[in-house]
Amino acid sequence: MSPPNLIIIFADDLGYGDLSSFGHPTIKTPNLDRMAAEGQKWTNFYVGASVCTPSRAALLTGRLPIRSGMSSNKNRVLFPDSKHGLPSSEITLAEQLKNADYTTACIGKWHLGHKEEYLPLQHGFDYYFGIPYSNDMDIPQALLTEKGGYWEVVRDPKNNRIENFQVPLLQNNTEIERPANQNNITKRYTEETLKFIQKNRDKPFFIYLAHNLPHIPLFASEETLGKSSRGLYGDVVEEIDLGVGRILQTLKEEGLDKNTLVVFTSDNGPWLAFNEQGGSSGLLKAGKGTTWEGGIRVPTIFWYPEKIIPGVVDQIGSTMDLFHTFSNLAGVPLPKDRILDSYDLTPLLFHKQKGVREELFYYRGTELYAVRLGDFKAHFITQGEYGQFGPKVIQNPPLLYNLNHDPSEQYDIAEKYPEVIEKIKKVVEVHQDQMLAGEDQLKSRGSE
Ligand code: MG
C-alpha cells in the first residue's frame, strides 16, 4: 500500500479555548468537532515557540528553533525588511517527504523568509500559494504617522481594510496580487487545497495549509461574515472550520479519506493584547508571546478514519513530533547528522500506547524560561506580553506547577516538591550542555 497522504492545517493565533470541542461556548466549529470525534483530540499538545516565525520553523524542521537560528532576542519574528530566513542547511518536512516521492504544497502563511532563496519552493515544496508573512504587515507609512503607530492602526476596527495592509500574495516565487485581498483569503486557501488534492489524487501528497487567520487584522468572506454570535473573530474561525469540512468532504469524494492523515492545530496561543479581536486560551494562563501554557499549548486534532483509535489523548505531544511521525509513515529514515527534538507519535495514534515525550522546553527567543517534565512544569523566568501578566522576573527558587492538577498555573507547589525541582534542574543542565545554537537569522533588518 502506498504511504498515506499527509495534511497539516495550521491556524494562526487560534487559542486553546477557541473551538467548540475545546470548550468555547459560542464559536461553532462542527467540522472540527466531527474530526475530533472521529479521530483524536489532544489536550496536551504544544508548539515549539509562542510566536509565529520560530513556531513554524520548529514544526517544519522537527527542531527547537534555537538550533536553526530561527529564534532571536532582538526580533521575535521576521519582518518585511528582514534579510534572512530558514537556512538551506535545515531539512524541512517537505524535503524529508520528497525522499519518498511525495508531491508537496505550502498554501498560506510562510513567515520563514520572504526573499526568494528562503521561499517554500527552495525548501522542498513543489507549489506555493500564499502571503509570505503576517497579514498585519506592510502598513503604509502615511497611515502609521497619521494614526500614531502600529497599535493604534490595528486596534481600531475602522482601519480594517485590505488597502491598509499592503501584503503580497505569491504563487510559487511570483507576486500575483498586492495588497492581497484578505476578505476572501481563507476561502481561497481552502480552494487551492481542494484543487491540489484533486490534481494529485493518484500519488502521495503532503499539504501544509497555514491559514493567515485568525491573526489580526480579521477578515471573513460574505459566506460567514456577521454569522457568528462571537462576532468577527467567531466569523473568522467558523470560516476556517467550513474550509476543514470542505477538505474532508473532498477527500471522501476522491476516495482518499481512508488513506489520508489530517492534523489540525495552531501556531501559538491567542493574541490577548487585541482584546475582543483576539482569541481565548480557555482555562490556560496568558496567551501568545509568553511561556505560560496559554502561549504554547494549542488545540490539536488528528484524523485518519479507521486507522486512528478515536479518543481524547492527554499525553504530551508537540508540532515538532510531526517530523518524526510523518517520516515514519512515509518510510523515510531520519537524518543522522543533526539533533532532532522530535518523537514518533504513531504508537499513540494507532496502538493506544503510552507517549514517549516526557519533557518540553519553553524558550522565549534564545532563553530557556521553563521546562515541563511529566506532570510538572518549572518556571525559571516569567514574563508577560504587551503590558499583561507582568515584567521579566528571574524566579529563584523556580515556580513549580502540576499541570495535570492545575492546568491554569495558579498554585505554586515548589516548597512541597524540592526533589522535583532538582530533577528538572538536572534535565536543564544536560539540555544546555548539549545545545548548539544556530546563528541568529532574525536579527538583521533594513539597512542594518
Ligand atoms: Mg501566530
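Counting starts at 1 for both ligands and their atoms, following the listed order. Any value given below was found using the heavy atoms of this structure, including those in side chains, with hydrogens, waters and symmetry copies removed. For this chain, numbers begin at 1 and follow the sequence in order.
For Phe302, the ring-ring contact (aromatic ring centres under 6.0 Å, His included) partners two or more places apart in sequence, or in a different chain, are Trp42, Phe45. For Gln171, the side chain to side chain donor-acceptor pair (under 3.5 Å) criterion is met by Tyr127, not counting sequence neighbours. Considering only residues two or more places apart in sequence or on other chains, His114 meets the side chain to side chain donor-acceptor pair (under 3.5 Å) condition with none of them.
Listed by chain and number, the protein N, O or S atoms at a distance under 2.8 Å from the Mg ion (ligand 1) are Asp12 OD1, Asp13 OD1, Cys52 SG, Asp267 OD1, Asp267 OD2, Asn268 OD1.
Among His215, Lys109, His211, the one residue that satisfies the side-chain hydrogen bond (donor to acceptor under 3.5 Å, both in side chains) test with Asp12 is Lys109.
Atom CZ of Arg178 has more than 12 heavy atoms from other residues, nucleotides or ligands within 6.0 Å.
Salt-bridge formation is not detected for the pair Arg63/Asp341: no Lys NZ or Arg NE/NH1/NH2 atom is positioned less than 4.0 Å from an Asp or Glu carboxylate oxygen.
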